[in-house]
Amino acid sequence: MSKIQAPKGVSEYFPPRSDNFEFVRNTLISAAKVSGYSMMELPVFEDTELFIRGVGESTDVVSKEMYTFEDRGGRSITLRPEGTAGVMRSVIEHNLDKGQLPVKVWYSGAFFRAERPQAGRYRQFYQVGVEAIGANDPELDVEVIAIAHRAFMALGLKNYRLDITSLGDAESRARHRVDLVKYIDGLNLDEATQARAAINPLRLFDDKRDEVREAMAAAPLLLDYLNAEAARHFVQVQELLGEMNIPFVINPKMVRGLDYYTGTTFEFVHQDLGAQSGIGGGGRYDGLMSDLGGANLSGIGFGIGVDRVLLAAEAEGILTDAGPSELDLFLIAMNEPTKRFVARALNELRNLGVRADMAYGDRALKGAMKAADKSGARFSMVIGDDEISAGSANLKDMKTGATESITLSPLTVLADQLKRR
RNA sequence: GUGGGCGUAGCUCAGCUGGUAGAGCACUCGGUUGUGGUCCGAGAUGUCGCGGGUUCGAGCCCCGUCGCUCACCCCA
């Protein structure tokens with residue numbers, strides 16, 4: 001029989017690393033929760049049309065990276081490549097935008113993009129994201145950025161930076177685009193690069209080749225085209241970030257791949273990650289809701305890549321410590337008959353809220369003690385015929401090695417004892 | 001999608017110019033009656049990613065394929 005492998009390019013998390021993955025994800029989620037965001041659990045597949053209209057047909061994500069298929073009813077379905085469009089769809093569909101604004105939600109889950117896999121770039125990857133819809137305050141922009149910043153701080157991440165810029169409003173961007181295209185037309189570029197520029201001229205700012213960088217050095221910057229209102233908004237964001245001690249750099253050449261971004265846009269870049277260095281990014285989107293058939297509300301949000309944050313944390317060596325054990329007690333039965341007694345006691349202790357486990361399988365005492373040690377439980381207890389007839393057993397502190405005799409009936413005595421420590 | 005590197009025990013890897021595989025860690029057991037972490041000893045484990053080919057003979061050479069990885073590209 002041939003072995004079945006996981007599909008190409010997916011990331012899987014299993015013990016012991018899954019503990020770190022869970023820790024990273026929970027830290028990101030906690031940061032959203034303390035800012036008053038509520039959870040949203042959405043489908044991983046949506047009507048293909050949602051992403052075409054929401055993310056933009058000309059984007060790489062939509063034009064060549066989506067997992068799209070026909071379901072049994074002949075509908076075109078797509079595995080979600082990002083989170084914002086689905087959130088908007090759901091908010092509109094359930095009239096959340098008709099209530100108190102802003103609507104503030106977070107989500108966490110798997111996303112799918114059919115790209116060539118690489119370290120930090122997977123075909124199924126995990127994101128934690130937030131969206132705040134229905135208010136265009138610069139304070140809200142900063143709140144969203146601060147959530148990500150707070151999460152990274154809580155993890156102890158250091159070697160990253162926050163890039164921000166403003167993409168202005170549609171009118172500013174149109175004016176800038178005219179001049180930028182004019183500038184690019186005067187450049188001597190190869191065919192592939194011209195094709196990229198035709199789809200999105202801003203892309204050329206992102207090119208890594210030196211000759212293109214030099215050629216683009218004098219290109220007109222979108223930041224210089226902002227109208228008064230957009231410029232004022234962006235200044236306020238900068239001031240507030242400064243007041244909150246959130247370091248940032250203005251990167252007028254930042255490029256985002258999703259069409260819906262407007263105004264404040266940002267990206268967290270980690271220094272130890274190689275090519276896939278963006279650990280999170282997001283921005284404001286003014287037209288998205290109305291494009292999807294909802295009210296004309298502005299929103300702002302981000303997506304953080306859990307896989308990449310985990311990679312970054314590992315690269316910085318801040319997750320090397322094994323997490324604290326979840327177990328209070330590890331039980332060991334001396335022989336077959338006492339095993340049943342131990343299993344019942346274990347069950348009762350768990351009912352009483354004690355986090356406990358026991359040695360399974362036919363292991364010698366030495367091996368069972370080793371298992372107790374590996375489990376990380378704070379206490380262990382060996383139970384044999386003697387203990388059962390005496391009605392008490394020695395509770396051993398695995399750190400100090402000290403033991404103490406404790407009654408086995410009722411088990412509440414043991415449970416209370418363990419909870420007090 | 002394009003180009004480069006790699007794929008040997010659970011993990012990290014060694015294996016010279018082709019002669020049918022090793023180390024460390026981890027794991028299991030033991031060091032005289034029922035207590036782990038250190039130490040000592042013993043043991044198990046691989047269709048050498050998969051499929052073809054060249055050869056008397058391939059982990060080592062060739063082709064294909066799958067996967068990983070790095071860069072481009074893209075973005076989380």
Side-chain angles (χ1 to χ4, degrees), chain A residues 1-11 14-17 28 55 59-65 80-84 108-129 148 192-193 195-196 199-200 203 206-209 212 254-258 261 267-270 273-282 302-312 330-335 338 359 361-377 379-387 393-403:
Chain A
M1 283 281 276
S2 61
K3 270 190 216 159
I4 299 175
Q5 296 176 292
K8 182 185 175 81
V10 301
S11 58
F14 42 86
R17 197 156 91 109
L28 297 173
V55 178
T59 62
D60 279 29
V61 169
V62 170
S63 65
K64 46 191 194 197
E65 296 172 2
R80 60 182 183 189
E82 61 95 55
T84 304
S108 165
F111 295 85
F112 308 86
R113 256 121 94 161
E115 297 180 273
R116 182 84 172 255
Q118 193 174 325
R121 184 166 79 184
Y122 309 108
R123 293 186 167 184
Q124 171 170 334
F125 57 97
Y126 298 86
Q127 268 186 231
V128 169
T193 311
R196 286 207 295 139
I199 295 168
N200 182 357
R203 282 244 184 290
D206 216 19
D207 203 299
K208 284 165 187 157
R209 290 168 298 183
V212 180
M254 190 168 92
V255 182
R256 306 253 69 212
L258 312 180
Y261 286 119
E267 208 167 74
F268 290 89
V269 191
H270 195 94
L273 284 190
Q276 307 307 320
S277 57
I279 53 177
F302 67 62
I304 293 179
V306 183
D307 312 86
R308 288 187 187 174
V309 174
L310 175 59
L311 252 21
F330 195 91
L331 294 174
I332 295 167
M334 277 310 294
N335 53 45
T338 54
D362 284 322
R363 309 192 71 181
L365 182 59
K366 178 168 178 165
M369 278 307 293
K370 223 169 167 179
D373 190 43
K374 290 271 154 58
S375 80
F379 295 94
S380 68
M381 186 177 256
V382 176
I383 297 176
D385 297 324
D386 296 352
E387 283 77 9
N394 281 330
L395 183 67
K396 178 169 184 174
D397 185 319
M398 294 300 279
K399 268 249 167 58
T400 65
T403 62

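Atom CG of A:N200 is separated from atom C1' of B:C75 by 13 Å (rounded to the nearest Å). Between the CZ atom of A:F112 and the P atom of B:C75 there is a distance of 19 Å, given to the nearest Å. For A:R196 and B:U2, the CZ to C1' distance is 13 Å, given to the nearest whole Å. Remark: C1' of B:C74 and CZ of A:R116 are 13 Å apart, rounded to the nearest angstrom. Protein atom NZ of A:K8 is 17 Å distant from nucleotide atom P of B:G7, rounded to whole Å. Whole-Å rounding puts the A:D207 CG to B:C72 P distance at 10 Å. A:E82 has its CD atom 11 Å from the C1' atom of B:C75, to the nearest Å. Separating the CZ atom of A:R121 from the P atom of B:A71 is a distance of 10 Å, rounded to the nearest angstrom.
When Watson-Crick and G-U wobble pairs are counted only if both distances are under 3.5 Å, B:U47 pairs with no nucleotide at all. Pair assignment for B:C74: none, as no Watson-Crick or G-U wobble contacts are both less than 3.5 Å. When both pairing distances are held under 3.5 Å, B:G30 makes a Watson-Crick or G-U pair with B:C40. Nucleotide B:U35 is matched to nothing when pairs are restricted to Watson-Crick or G-U wobble geometry with both distances under 3.5 angstrom. Of the nucleotides present, B:C25 is the one that pairs with B:G10 by Watson-Crick or G-U wobble criteria, both distances under 3.5 Å. Remark: B:C68 base-pairs with B:G5. Criterion, Watson-Crick or G-U wobble with two distances under 3.5 Å.
Counting non-hydrogen atoms under 4.0 angstrom, A:L258 reaches the backbone sugars and phosphates but no base. Across all strands, A:A6 comes closer than 4.0 Å to no nucleic acid atom at all (heavy-atom distances). Using a 4.0 Å heavy-atom criterion, one finds that A:K396 contacts the bases of the nucleic acid, with or without backbone contacts as well. Residue-level contact check: A:A372 touches neither bases nor backbone, having no heavy atom under 4.0 Å from any strand. Contacts of A:Q5 with the nucleic acid, taken as non-hydrogen atoms under 4.0 Å apart, involve only primed sugar atoms and P, OP1 or OP2. Among the heavy atoms of the strands, none lies under 4.0 Å from A:N335. The residue A:D386 sits close to a base: some heavy atom pair falls under 4.0 Å. The residue A:Y122 sits close to a base: some heavy atom pair falls under 4.0 Å. Residue A:E387 is classed as a base contact, given a heavy-atom separation below 4.0 Å to a base.
Between A:K374 and B:C27 there is a side-chain N or O to OP1 or OP2 distance below 4.0 Å. Contact annotation: A:R113 does not reach the phosphate of B:C75 (side-chain N/O to OP1 or OP2, under 4.0 Å). For B:C72, one of the phosphate oxygens OP1 or OP2 lies less than 4.0 angstrom from a side-chain nitrogen or oxygen of A:K208. One finds no side-chain N or O of A:Q276 lying less than 4.0 angstrom from the OP1 or OP2 phosphate oxygen of B:A76.
Here, B:G24 and B:U20 have their C1' atoms 25 Å apart, quoted to the whole Å. The separation of B:G53 from B:C60, taken at their P atoms, amounts to 14 Å, rounded to a whole angstrom. Annotation: B:U8 and B:C50 have their P atoms spaced 10 Å apart (nearest Å). A distance of about 33 Å separates the P atoms of B:U35 and B:G10, rounded to the whole Å. Rounded to whole Å, the C1' atom of B:C27 lies 16 Å from the corresponding atom of B:U12. Taking atom P in both B:A44 and B:C29, one finds a spacing of 15 Å when rounded to whole Å. Separation of the P atoms belonging to B:C61 and B:G43 is 34 Å when rounded to the nearest angstrom. The gap from the P atom of B:A9 to that of B:C48 amounts to 9 Å, rounded to the nearest Å.
Side-chain contact between A:M334 and A:L365: present, with at least one pair of heavy atoms (C-beta onward) separated by less than 4.5 Å. Here the side chains of A:I332 and A:K396 are not in contact, with every heavy-atom distance at 4.5 Å or above. Proximity of A:D207 to A:R196: side-chain heavy atoms (C-beta onward) are separated by under 4.5 Å at one or more points.
Nearest to the side-chain atoms of A:R308 among the listed nucleotides B:A76, B:C73, B:C68 stands B:A76.
A distance-only check finds a donor-acceptor pair linking the side chain of A:R123 to the backbone of A:E115 [under 3.5 Å]. A donor-acceptor pair is defined here as one N or O able to donate and one able to accept, closer than 3.5 Å; such a pair exists between the side chain of A:R121 and the backbone of A:R116. Side chain of A:D307 to main chain of A:Y126: a donor-acceptor pair is present (N/O by atom type, distance under 3.5 Å, no hydrogens or angles). Formation of a donor-acceptor pair under 3.5 Å by the A:R80 side chain with backbone atoms of A:A110 is found in this model.
Counting distance only, with no hydrogens placed and no angle test, the side-chain atoms of A:K366 and the base atoms of B:G31 include a donor-acceptor pair under 3.5 Å. At a cut-off of 3.5 angstrom, the base of B:U28 holds no donor-acceptor pair with the side chain of A:R363. At a cut-off of 3.5 angstrom, counting only N and O atoms as typed in the model, there is no donor on one side facing an acceptor on the other between the side-chain of A:D373 and the base of B:G37.
The residue among A:D397 and A:D362 whose nearest nucleotide of RNA chain B is located toward the 5' end is A:D362. Residue order along RNA chain B, read from the 5' end via each residue's closest nucleotide, puts A:G401 first among A:G120 and A:G401.
Counting heavy atoms of neighbouring residues, nucleotides and ligands inside a 6.0 Å radius, atom CG of A:N335 exceeds 12 of them.
For B:A76, the base is stacked against the aromatic ring of A:F125, per a cut-off of 5.5 Å between centres and 30° between planes.
Atom CZ in A:R308 sits 11.0 Å away from atom OG in A:S11 (nearest 0.5 Å).
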